[in-house]
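Atom set for the values below is all heavy atoms of this structure, side chains included, hydrogens, waters and symmetry mates excluded. Ligands are counted one by one from 1 in listed order, and the atoms in each one are counted from 1 as well. Computed from a predicted model, the values in this text were never measured in an experiment. All residue numbers in this chain count up from 1 along the given sequence.
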Amino acid sequence: MEDKIKKARDAIAKAYKIIVFTGAGISKESGVPTFREAGGLWEEFKAEDFATPEAFSRRPKEVWEWYRFRRDLARKVEPNPGHYAVARLEDARSDFMVATQNIDNLHTRAGSRNVIELHGNIMHSYCMKCGLLADESEAELPGEVPVCPREGCGGVMRPKVVWFGEQLDPDDLDRSYMFASEADCCLVIGTSGFVYPAAQIPFLAKRNDACVIEINPEPSGITQIADYFLQGPAAQITPQLLEENKYADGAD
Ligand SMILES: [Zn+2]
């Protein structure tokens with residue numbers, strides 16, 4: 001394992017363009033509870049009862065209530081050493097992107113800047129009429145079903161997350177695909193690699209001969225193309241891999 005980590009670290013040090021592709025596994029040690037684990041009022045519901053466009057058009061008030069509850073859960077947890085290690089690597093590199101499937105906002109809170117949130121961000125909302133985006137500073141807009149703050153719009157705001165049956169934002173997908181296709185290093189952290197189309201990212205990087213480094217507790221759909229499979233929890237292995245890296249762009 002030590003030897004593999006060292007080789008993977010060398011590959012990162014030599015890389016010019018790095019994409020980090022993450023999923024639920026990187027947030028696991030932060031202890032983001034699922035709404036069911038958190039118990040209480042929502043215990044008996046399934047995500048499918050709320051996270052669909054149909055649910056929102058039928059019961060917008062309940063859906064908003066549920067999302068406010070989940071935002072509170074997300075605010076109570078902190079980024080873990082895995083998120084911080086990724087953010088510090090970005091600090092030292094000029095050509096760097098995080099493409100995450102998580103909606104928990106933890107990469108941004110850890111200091112990552114060039115983040116594509118493929119499935120949205122639970123702290124953000126947007127107007128269904130004019131598209132106005134409300135970020136975290138305005139996360140709690142007034143009203144049980146918040147209305148667009150833009151004067152004269154009157155549109156209904158909805159959480160900026162990808163719901164069941166919805167497509168990923170094509171611009172986000174294009175940008176991450178493009179970046180992956182040009183990357184010479186792809187770090188895959190805490191994702192099974194089975195949820196498409198996002199899971200295409202490491203395969204696109206591999207097609208460009210990128211070095212693919214995977215950190216996961218178990219082999220995944222990506223392990224077959226990984227140059228280095230580092231088995232273990234993301235919060236432990238990621239800092240171990242990145243802390244001793246020389247960080248500088250293209251360093252030999
Ligand atoms: Zn609007």
(message) Restricting to salt bridge (charged side-chain N to carboxylate O under 4.0 Å, His left out), what partner residues turn up for Lys129, sequence neighbours left out?
(response)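 Result, salt bridge (charged side-chain N to carboxylate O under 4.0 Å, His left out) vs Lys129: none returned.
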(request) Scan residues 16-31 for pairs that pass salt bridge (Lys or Arg N to Asp or Glu O under 4.0 Å), counting only residues two or more places apart or in two chains. (result)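 Listed by first then second residue: Lys17-Asp95, Lys17-Glu182.
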(message) Taking 2.8 Å as the limit, list every protein N, O or S atom around the Zn ion (ligand 1), by chain and residue number.
(response) Cys127 SG, Cys130 SG, Cys148 SG, Cys153 SG
(request) Could you grab the distance from atom CG of Asp169 to atom NZ of Lys160, nearest 0.5 Å is fine? (result) 6.0 Å
(message) So, taking the atom named SG in Cys127 and the one named CE in Met157, what distance separates them when rounded to the nearest 0.5 Å?
(response)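 If we round to the nearest 0.5 Å, Cys127:SG and Met157:CE are 6.0 Å apart.
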(request) Would you indicate whether the side-chain heavy atoms of Phe50 and Arg59 approach each other to under 4.5 Å? (result) yes
(message) Taking side chain to side chain donor-acceptor pair (under 3.5 Å) as the cut-off, I'd like each qualifying pair that reaches into residues 188-205, sequence neighbours left out, listed once.
(response) Gln101-Thr191
